[in-house]
Amino acid sequence: MFLYCLDSLTSSLYPMCIPQSSMMFLPPMDTRMQLRPTSCPAPWIGNTEAENLQTQFCLKKEVLESFKSCLSPEKEIYIEHYVSGWRGLVKLLNSLGSLFGFISKDAVSKTQILMNFLKSENGPHYATVQSMVKFELDNKLVDVDKKGIYPESGCRTLLRLHRALRWLQLFLERLRTSKEDDKTSVMCRDAYNESLAQHHTWLIRKSAGMAFYGLPVRPAFFEVMNVGTPEQVVDVLGKAVPLLYEVYQITEELYQKHNLLDLP
Ligand SMILES: CCCCCCCCCCCCC/C=C/[C@@H](O)[C@H](COP(=O)(O)O)NC(=O)CCCCCCCCCCCCCCC
């Protein structure tokens, strides 16, 4: 079955092939037709060129810089910048259309939980991932074995983003080393199967698998990142991937040390 999908870059329609057996996981037709939610206009569409420049998403500025600033010289991870890196990614995701809405909604909800902790009276304890872990464990604010009275602790919320960070790093590495004709949907699916998928229910895995078919082709995806020529994109990805890996590894070791990698 072919569906026509709005190309997020050129606003033209491009065909995407969807297996018939998977159609039941798609959102209702009226949602599919409106491929970009009105509340999330494409970031590059403004009334004037100046507005376009101000509102355009930029991978380097909104993601790379945030993840760079989230590491302190002592290798502590600042939650505020970590969250801001995720928010940049959500902005990019929103620009790809409403097919990805259920993913961005979950990411927004998780970043919001962390921001709420940061703004609360306990805010200073949530400055870094390290201080958050210490504070929540010392004060028994984490459901360790099964869901209980703290279903939305900072530790379990950040763990979900942490697992997604592994997917992101694997996906970006595939993109970086890909050739022009390689399929973004395949790169995304392989990275997902190697990481996040094992933590997701069957329904989420099927829905995510369907959404991947809606990804723009590689050249269009590179343009959405807005960092310049394909060579420049590859260069930025070459800086982003090791950085994301470092943030991932620091969190992974911390969570491992405290037995937090399987929080319900
Ligand atoms: C560009 C393609 C984007 C594909 C995204 C691939 C990841 C697929 C994730 C599917 C998540 C589906 C939503 C629901 C998830 C939750 O069930 C699940 C468990 O939470 P719970 O324990 O509270 O129930 N949540 C999670 O695992 C957290 C998922 C967070 C996903 C954030 C993804 C943001 C993606 C941003 C992509 C931007 C691409 C950038 C390329 C330069």
Side-chain angles (χ1 to χ4, degrees), residues 5 8-9 16 25 27 40 43 57-64 66-67 82-114 143 146-147 150-176 178 183-218 220-227 233-234 236-241 243-244 261-264:
C5 185
S8 48
L9 182 73
M16 55 186 208
F25 302 109
C40 303
F57 170 85
C58 176
L59 183 78
K60 204 165 161 187
K61 212 176 69 201
E62 298 184 55
V63 179
L64 191 56
S66 295
F67 280 107
Y82 187 90
V83 163
S84 131
W86 276 108
R87 291 196 161 168
L89 288 162
V90 166
K91 196 166 160 189
L92 187 152
L93 192 61
N94 283 339
S95 75
L96 299 180
S98 59
L99 211 49
F100 300 91
F102 74 106
I103 302 175
S104 94
K105 203 170 152 202
D106 188 68
V108 166
S109 130
K110 303 251 180 315
T111 55
Q112 196 54 54
I113 292 171
L114 293 174
D143 292 336
K146 53 180 172 38
K147 274 196 180 167
Y150 301 110
E152 293 191 338
S153 66
C155 287
R156 72 89 65 187
T157 302
L158 192 122
L159 176 64
R160 270 53 183 177
L161 293 177
H162 166 67
R163 290 168 176 165
L165 196 67
R166 174 72 177 152
W167 158 79
L168 181 69
Q169 180 232 322
L170 293 172
F171 175 53
L172 295 187
E173 177 58 11
R174 280 172 166 83
L175 261 186
R176 187 183 75 81
S178 62
K183 285 191 160 58
T184 47
S185 58
V186 172
M187 294 180 238
C188 192
R189 188 199 60 202
D190 290 349
Y192 176 73
N193 287 341
E194 210 180 297
S195 54
L196 260 184
Q198 55 197 286
H199 303 289
H200 286 166
T201 60
W202 180 85
L203 189 63
I204 294 286
R205 288 201 303 272
K206 289 290 167 196
S207 311
M210 282 308 309
F212 299 157
Y213 285 106
L215 283 174
V217 292
R218 183 182 178 271
F221 202 78
F222 272 23
E223 297 246 10
V224 171
M225 292 188 204
N226 189 27
V227 279
V233 174
V234 168
V236 168
L237 291 179
K239 294 188 175 77
V241 172
L243 177 64
L244 296 178
L261 285 170
D262 294 310
L263 291 179

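Note that ligands are numbered from 1 as they come in the structure, with each ligand's atoms numbered from 1 the same way.
- Side-chain contact check for L114 versus W86: every heavy-atom pair is 4.5 Å or farther apart.
- A heavy-atom separation below 4.0 Å is found between R156 and ligand 1.
- Among all protein heavy atoms, the one lying closest to atom 30 (C) of ligand 1 is A164 CB, 3.9 Å.
- The aromatic rings of Y82 and F67 stand perpendicular to each other, their planes meeting at an angle above 60°, with 30° marking the opposite boundary.
- Between the side chain of E62 and the backbone N or O of C58 there is at least one donor-acceptor pair closer than 3.5 Å.
- Near F221, meaning under 4.0 Å from one of its heavy atoms, ligand 1 places the atoms 41 (C).
- By heavy-atom distance, the residue among F100, F102, W167 lying nearest atom 35 (C) of ligand 1 is W167.
- By the criterion of a heavy-atom distance under 4.0 Å, neither the backbone nor the side chain of T157 is placed next to ligand 1.
- The residue H199 has no part lying near ligand 1, judged by heavy-atom distances below 4.0 Å.
- Within 6.0 Å of CG on D262 lie no more than 12 heavy atoms contributed by other residues, nucleotides or ligands.
- To the nearest 0.5 angstrom, K105 atom NZ is 12.5 Å from N94 atom CG.
- Contact annotation for K105 and ligand 1: no heavy atom of the residue comes within less than 4.0 Å of the ligand.
- For R156 (side chain) and P264 (main-chain N/O), a donor-acceptor pair under 3.5 Å exists by modelled atom type.
- Looking from atom 34 (C) of ligand 1 to the surrounding protein, the closest heavy atom is W86 CZ3, 3.7 Å.
- Considering only non-hydrogen protein atoms, atom 40 (C) of ligand 1 sits nearest to L89 CD2, 3.6 Å.
- In this structure the side chain of L89 reaches within 4.5 angstrom of the side chain of L168, judged on heavy atoms.
- Heavy-atom contacts of F212 reach the following atoms of ligand 1: 4 (C), 6 (C) (cutoff under 4.0 Å).
- Here the heavy atom of the protein found nearest to atom 39 (C) of ligand 1 is L92 CD2, 3.9 Å.
- Looking at every heavy atom in both residues, G85 comes nearest to V63 through O-CG2, 4.1 Å.
- Near L215, with a cut-off below 4.0 Å to any heavy atom, the atoms of ligand 1 are 1 (C), 2 (C).
- Residues satisfying the side chain to side chain donor-acceptor pair (under 3.5 Å) test with S185, not counting sequence neighbours, are none.
- I103 CG2, 3.7 Å is the protein heavy atom nearest to atom 33 (C) of ligand 1.
- Side-chain contact between M225 and L175 is present, with heavy atoms from C-beta onward closer than 4.5 Å.
- Less than 4.0 angstrom separates some heavy atom of L172 from each of these atoms of ligand 1: 41 (C), 42 (C).
- Residue K110 places at least one N or O, backbone or side chain, under 3.5 Å from an N or O of ligand 1.
- Within a 4.0 Å radius of atom 20 (O) of ligand 1, the protein has at least one heavy atom.
- Atom NZ of K110 has more than 12 heavy atoms from other residues, nucleotides or ligands within 6.0 Å.
- Atoms of ligand 1 found under 4.0 Å from any heavy atom of H200, numbered from 1 in the order shown, are 9 (C), 10 (C), 11 (C), 18 (C), 26 (C), 27 (O).
- Using a 4.0 Å cut-off between heavy atoms, L196 contacts ligand 1 through its side chain alone, with no backbone atom that close.
- Heavy atoms of V90 stay at 4.0 angstrom or farther from ligand 1.
- The protein atom (non-hydrogen) at minimum distance from atom 3 (C) of ligand 1 is L93 CD1, 3.5 Å.
- Contacts of L59 with ligand 1, taken as heavy-atom pairs under 4.0 Å, involve the side chain alone.
- What sits closest to atom 15 (C) of ligand 1 on the protein, heavy atoms only, is D106 OD2, 3.4 Å.
- The line from OG of S104 to CG of L99 is 11.5 Å long, rounded to the nearest 0.5 Å.
- Residues that satisfy the side chain to side chain donor-acceptor pair (under 3.5 Å) test with S66, not counting sequence neighbours, are S84.
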